[in-house]
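Presented below is the structure to which this report refers.
All figures in this text were calculated on a predicted structure; none of them were measured in a lab. Keep in mind that the numbers below use all heavy atoms, side chains included, and drop hydrogens, waters and symmetry copies.
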Number of protein chains: 2
Amino acid sequence: MVTTQPAAVDRPPTIHDIAALCGVAASTVSRALSTPERVNIRTRQRIQAAAAQLHYIPNSQAKALSSGRTGAVGVLVPDITNPFYFDLIRGTQLQLKAAGYTQLLVDTEESDEVEASTMEQLRKSADGIVVTASRLSDEALLAAAAKMPMVTVNRDVPGVPAVLIDTPSATTQALDHLISLGHTRIAYMAGPVTSQSSTRRWSTLSEAAEERGVEVRRLGPFAPKTQSGAAAADAAVHSGVTACIAFNDLIAIGMLQRLRERGIRVPEDMSIVGCDDIFGADFCNPPLSTMASPIEQAGRVAVSMLLAQLNPLAGGGTRSRSVMPTHLTVRGSTGAAPG
Amino acid sequence: MVTTQPAAVDRPPTIHDIAALCGVAASTVSRALSTPERVNIRTRQRIQAAAAQLHYIPNSQAKALSSGRTGAVGVLVPDITNPFYFDLIRGTQLQLKAAGYTQLLVDTEESDEVEASTMEQLRKSADGIVVTASRLSDEALLAAAAKMPMVTVNRDVPGVPAVLIDTPSATTQALDHLISLGHTRIAYMAGPVTSQSSTRRWSTLSEAAEERGVEVRRLGPFAPKTQSGAAAADAAVHSGVTACIAFNDLIAIGMLQRLRERGIRVPEDMSIVGCDDIFGADFCNPPLSTMASPIEQAGRVAVSMLLAQLNPLAGGGTRSRSVMPTHLTVRGSTGAAPG
DNA sequence: CAAACTTTGGCAATCGGTTGTCATTTAGAT
DNA sequence: ATCTAAATGACAACCGATTGCCAAAGTTTG
């Protein structure tokens with residue numbers, strides 16, 4: 001008995017314990033478990049049985065250290081309390097789990113610095129990352145993508161695989177909806193200046209408005225939180241518009257609350273359209289007309305694209321860009337223009 | 001020049017690169033960076049300068065493997081799309097980040113099996129875990145707590161440090177509120193049978209009801225989702241009560257929607273009280289009377305308790321149980337009993 | 001100026017796996 | 001029966017840090 005401890009105390013079993021139990025080398029155990037075809041079936045079965053008996057669980061740290069693969073994928077969101085990300089996160093989580101990966105979820109607090117440092121941090125502890133609504137510059141993002149596999153969501157940078165949500169087309173639908181209700185003075189309540197989706201939505205909107213000969217003015221920017229809705233509502237009222245298209249549902253819902261406080265009726269005096277169809281959009285008062293899209297699916301697609309990058313085996317031309325459809329869901333917050 | 005590669009390609013720098021650059025041993029670099037007082041100040045400064053110059057970032061995998069500490073804490077939630085957990089998650093995230101830890105967030109999908117396997121998985125990749133609303137048995141939880149530092153939230157098991165939310169006392173407040181409005185036939189819409197908080201709330205409630213001489217019946221169980229609210233509403237109407245106390249806000253909001261569909265007015269025909277004061281409770285229609293508590297703070301406290309377990313240095317008697325206060329927030333969903 | 005003690009930093013083992021290399025066994029082909 | 005090729009499994013280096021041990025250098029004290 002030269003072995004250090006015949007009956008290991010309580011320390012989790014390692015491949016060495018299995019090797020000792022089976023009378024083979026540790027490397028054989030490793031192969032039996034990760035490349036079964038490299039090991040004789042009889043040896044393999046003995047090893048697998050021993051592993052099961054010992055309740056062996058591979059140490060992911062050690063595995064990552066020697067193989068370079070961590071089996072984890074980072075998911076960066078700007079604000080974990082924004083309901084928009086719930087479904088997205090659930091989508092990524094489900095898809096990652098199905099593929100045997102672990103999700104590392106990080107809230108970057110809407111800060112480009114936190115985002116950048118998180119990426120650096122994750123560089124060695126994740127195999128790839130999904131970055132949602134990045135606040136970084138195109139250059140920074142491109143540089144980061146060169147260092148590790150990456151897929152963006154809601155952010156289009158040439159050269160970086162992305163999942164985009166086709167809000168521009170839905171924005172046009174929303175505009176037509178409002179025009180058909182007789183509105184001619186409309187406001188766009190902008191999101192953060194660093195948000196690419198806000199910028200793009202505005203350019204689509206102003207272009208479409210020009211074509212249709214209606215006036216759309218841009219107000220804001222507003223932080224994507226319900227609290228900002230109060231300022232947004234006041235700005236809208238002051239500007240004299242009869243309808244608003246908000247950057248997202250949080251702002252829209254905040255506006256609803258503020259307008260109610262001020263005694264301004266929705267939709268009789270003012271129509272509001274949100275974006276994202278988040279949790280709550282269907283039960284606020286009045287229920288919010290909003291642009292909906294399959295967010296959970298977007299999360300799943302993003303992960304699929306990332307995993308395709310990580311395991312380029314099955315081929316099948318890696319898509320580098322995927323656009324999720326969007327449609328306008330009309331509820332109670334939009335109605336005929338006053339007067 | 002015996003060194004393998006004078007100008008390292010692009011591979012992230014390691015302590016060996018720093019050591020080579022400074023002409024010291026790797027172990028000295030390690031010490032200079034983690035136990036600075038063990039290294040001469042001049043050497044240390046040279047090393048630190050070199051580390052900065054090389055943009056050195058320690059490899060957390062390697063660190064974890066050799067030190068046994070991972071610098072990560074797992075946070076298990078049953079359903080990431082339940083808004084109740086948003087604030088909790090944010091609280092844990094903030095507190096962990098402040099202490100230099102990484103948060104590993106996992107959605108256990110309301111399943112005890114996923115919960116158990118996740119714990120096993122995390123055993124080697126996290127230093128401790130925060131378990132919210134566990135679906136496991138007391139024994140399983142106790143056994144798991146013996147294997148790794150753990151703090152539960154909303155789950156009380158003797159021997160396991162816990163953060164509890166004092167909903168029982170708020171439940172009594174809610175009951176008194178309803179009684180003062182003239183209600184005498186009241187229902188409790190129960191949550192999952194495996195939920196300890198639902199069970200405890202019911203026992204407090206039925207006891208208090210008896211003392212006060214009013215009738216409170218238990219309906220359900222209902223899944224903690226808005227979709228379950230429809231069934232809950234129908235059950236409440238059928239049972240002839242005039243007021244309901246729901247297990248949580250999701251169920252309560254679902255009831256609100258269903259009652260509206262059925263043309264039953266809230267609060268004129270039926271009063272509803274929720275629990276948790278989640279996102280949406282203030283802007284649903286009518287705004288929900290609910291039991292509120294500082295959820296984000298609960299997350300922070302849970303992490304503090306866990307970290308105290310991990311670093312028993314500063315002493316200060318580790319609290320093993322912390323109760324968060326709760327109060328009833330009265331909004332528009334409760335009113336005088338009909339008739 | 002020597003003895004005793006403290007500081008400092010190098011060596012090497014270790015954490016738990018992965019993986020390239022190579023010798024040996026086994027099987028198939030001729 | 002002989003030769004070749006394939007299958008198998010052991011050895012050892014390695015991933016990037018941490019840490020116990022120890023020797024060399026420096027400092028203080030008598």
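A straight line from CD1 of B/Ile18 to P of C/dG10 spans 14 Å, rounded to a whole angstrom. Rounded to whole Å, the distance from CD1 on B/Ile47 to C1' on D/dA17 is 14 Å. When rounded to the nearest whole Å, the span between CD1 of B/Ile15 and C1' of C/dA12 equals 13 Å.
Atoms CD and OG1, on B/Glu109 and B/Thr81 in that order, are 10.5 Å from each other to the nearest 0.5 Å.
Looking only at atom types and distance, the side chain of A/Gln95 has a donor-acceptor partner in the side chain of A/Ser304 under 3.5 Å away. B/Asp127 and B/Thr70 are linked by a side-chain donor-acceptor pair at a separation below 3.5 angstrom, with hydrogens and angles left out of the test.
Under the 4.0 Å criterion applied to side-chain N and carboxylate O atoms, B/Asp87 and B/Arg300 are not assigned as salt-bridge partners. Residues A/Glu37 and A/Arg31 are not paired through a salt bridge, judged by the lack of any N-O separation under 4.0 Å between the basic side chain and the carboxylate.
Listed here is the closest heavy atom pair of B/Val153 and B/Ala302: CG2-CB, 3.8 Å.
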Candidate pair A/Ile89 and A/Phe84, rule side chain to side chain contact (heavy atoms under 4.5 Å, CB included), full reasoning | CA-CA 9 Å; A/Ile89 292 169; A/Phe84 170 74; over 6 Å; no
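Within residues 53-69 of chain A, the residues approached by DNA chain D to less than 4.0 Å at the level of any non-hydrogen atom are A/Leu65, A/Ser66, in residue-number order.
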Each nucleotide of nucleotides 4-13 of chain D classed B (base within 4.0 Å of a protein heavy atom), S (only sugar-phosphate) or -, in 5' to 3' order, makes ----BBBBB-
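Considering only heavy atoms from C-beta on, B/Leu310 comes within 4.5 Å of B/Leu307 through its side chain.
Here B/Thr14 lies in heavy-atom contact (under 4.0 Å) with sugar-phosphate atoms only.
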